[in-house]
Amino acid sequence: MVDASYKKKATELIKIAKEKKLIKSYAEFCDTDKAKKCALSKDDVIYYTSLDKGATK
């Protein structure tokens, strides 16, 4: 269960971030240099998408 004071603090931080335009949509983030730098390579995408769902080793 989330403490009320913690929830209030988080809500205030989100409000401030929105006012300062620090929060972006996912589509806007994908166009940034940081998103391109952190993106998986094509080989990694193929590997991870080919794994069986729920399979563990």
Side-chain angles (χ1 to χ4, degrees):
M1 193 162 149
V2 178
D3 184 23
S5 64
Y6 176 76
K7 188 174 180 178
K8 182 179 178 185
K9 218 181 256 189
T11 303
E12 289 297 319
L13 286 174
I14 292 169
K15 181 180 173 186
I16 293 169
K18 283 182 180 179
E19 289 171 357
K20 292 184 176 185
K21 308 263 186 212
L22 297 174
I23 294 178
K24 298 181 178 192
S25 69
Y26 183 72
E28 289 173 330
F29 172 74
C30 288
D31 292 334
T32 64
D33 290 333
K34 186 171 186 173
K36 292 172 186 168
K37 181 180 173 186
C38 299
L40 294 174
S41 68
K42 288 183 182 181
D43 292 336
D44 288 336
V45 171
I46 292 168
Y47 172 77
Y48 288 116
T49 56
S50 68
L51 294 176
D52 292 338
K53 291 184 179 180
T56 58
K57 291 185 179 181

| task | Take Thr32 and Lys24, measure what side-chain contact (heavy atoms from CB on, under 4.5 Å) needs, and give me the verdict at the end. | result | CA-CA 10 Å; Thr32 64; Lys24 298 181 178 192; 3.5 Å; yes
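- Under the 4.5 Å side-chain contact rule for hydrophobic residues, Ile16 and Ile14 do not share a cluster.
- Under a hydrophobic-cluster definition in which Ile, Leu, Val, Met, Phe, Trp and Tyr are linked whenever side-chain heavy atoms come within less than 4.5 Å, directly or via other members, Tyr48 and Val45 are assigned to the same cluster.
- The neighbour count for Asp33 CG, taken as heavy atoms of other residues, nucleotides or ligands under 6.0 Å away, does not exceed 12.
- Leu22 and Tyr26 end up in different hydrophobic clusters when Ile, Leu, Val, Met, Phe, Trp and Tyr side chains are linked at under 4.5 Å.
- Not one N or O on the side chain of Glu12 forms a donor-acceptor pair closer than 3.5 Å with the backbone of Lys9.
- Asp3 and Ser5 are linked by a side-chain donor-acceptor pair at a separation below 3.5 angstrom, with hydrogens and angles left out of the test.
- Contact detail for Thr49 and Ile46: the closest heavy-atom pair is OG1-O, 3.3 Å.
- Residues Ile23 and Lys18 come closest through the heavy atom pair CD1-CG, 3.8 Å.
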